[in-house]
Amino acid sequence: MEAVTVARVRVYELAREFNMPQAEVVAKVRGLGIDVKNHMSSIELEDVQRLKRALEKERSENRETKRLSKTVFRRRSRGSADDAPAKPRAAAAAASPAPRSAPPR
């Protein structure tokens, strides 16, 4: 009788590969309907492929492309810090407290 081995991957290894927190990867795996208890659980390669497709789809949905010129495009995640309107320096200076000077001796 031939032994069939099924390759499995630990969730923490996937978190390291995707550069994501382990808890977030566990939540995403659970969201796909795959039963895992924690970051030490292992999942089959088919499920790893499902997770990779889901993450790629999520990233592509959250990506925004802006044409800067005829040949130059800027791609970034929606809601990045660069999209927030910049505060005027005068308003920022007024909002922050003035530095205290040392008391005279």
Side-chain angles (χ1 to χ4, degrees):
M1 194 156 155
E2 222 175 277
V4 177
T5 58
V6 177
R8 298 176 69 87
V9 179
R10 298 269 183 184
V11 174
Y12 75 86
E13 293 172 343
L14 294 172
R16 190 177 340 136
E17 179 182 333
F18 300 142
N19 197 22
M20 295 173 61
Q22 296 171 359
E24 190 175 329
V25 175
V26 169
K28 292 199 181 294
V29 170
R30 287 180 181 160
L32 291 173
I34 303 167
D35 185 33
V36 294
K37 296 191 186 299
N38 56 34
H39 67 282
M40 291 298 294
S41 299
S42 58
I43 59 176
E44 295 180 11
L45 288 179
E46 292 175 5
D47 295 331
V48 172
Q49 294 302 320
R50 282 181 52 205
L51 177 63
K52 285 182 180 181
R53 284 192 304 267
L55 288 173
E56 183 58 37
K57 182 178 178 184
E58 182 179 303
R59 286 184 182 136
S60 67
E61 289 173 352
N62 290 332
R63 189 175 300 142
E64 126 183 337
T65 303
K66 182 196 279 187
R67 179 176 229 137
L68 298 178
S69 69
K70 184 177 179 180
T71 59
V72 178
F73 293 91
R74 175 181 291 156
R75 292 182 179 92
R76 64 171 66 153
S77 299
R78 290 188 182 132
S80 67
D82 294 337
D83 293 340
K87 287 199 305 188
R89 290 180 186 232
S96 64
R100 296 184 183 184
S101 60
R105 292 187 181 186

Pairs in or reaching into residues 22-37: which pass salt bridge (Lys or Arg N to Asp or Glu O under 4.0 Å), with residues at least two apart or in two chains? Lys28-Glu58
Does Met40 belong to the same Ile/Leu/Val/Met/Phe/Trp/Tyr cluster as Val29, with side-chain heavy atoms less than 4.5 Å apart forming each link? no
Provide the full list of side chain to side chain donor-acceptor pair (under 3.5 Å) pairs with a residue in residues 9-23, sequence neighbours left out, each pair given once. Glu17-Lys52
Should Val25 and Leu51 be marked as a side-chain contact (heavy atoms from CB on, under 4.5 Å) after you check the CA-CA gap, both sets of side-chain angles, and the distance that decides it? CA-CA 9 Å; Val25 175; Leu51 177 63; 4.2 Å; yes
Residues which pass salt bridge (charged side-chain N to carboxylate O under 4.0 Å, His left out) with Arg50, listed by chain and number, not counting sequence neighbours: Asp47
All side-chain contact (heavy atoms from CB on, under 4.5 Å) counterparts of Ser69, not counting sequence neighbours: Thr71, Val72
Look up atom CD in Gln49 and atom CD1 in Ile43, then write down how far apart they are to the nearest 0.5 Å. 10.0 Å
Contacts of Ser42 meeting side-chain hydrogen bond (donor to acceptor under 3.5 Å, both in side chains) (sequence neighbours excluded), chain-then-number -> Arg8
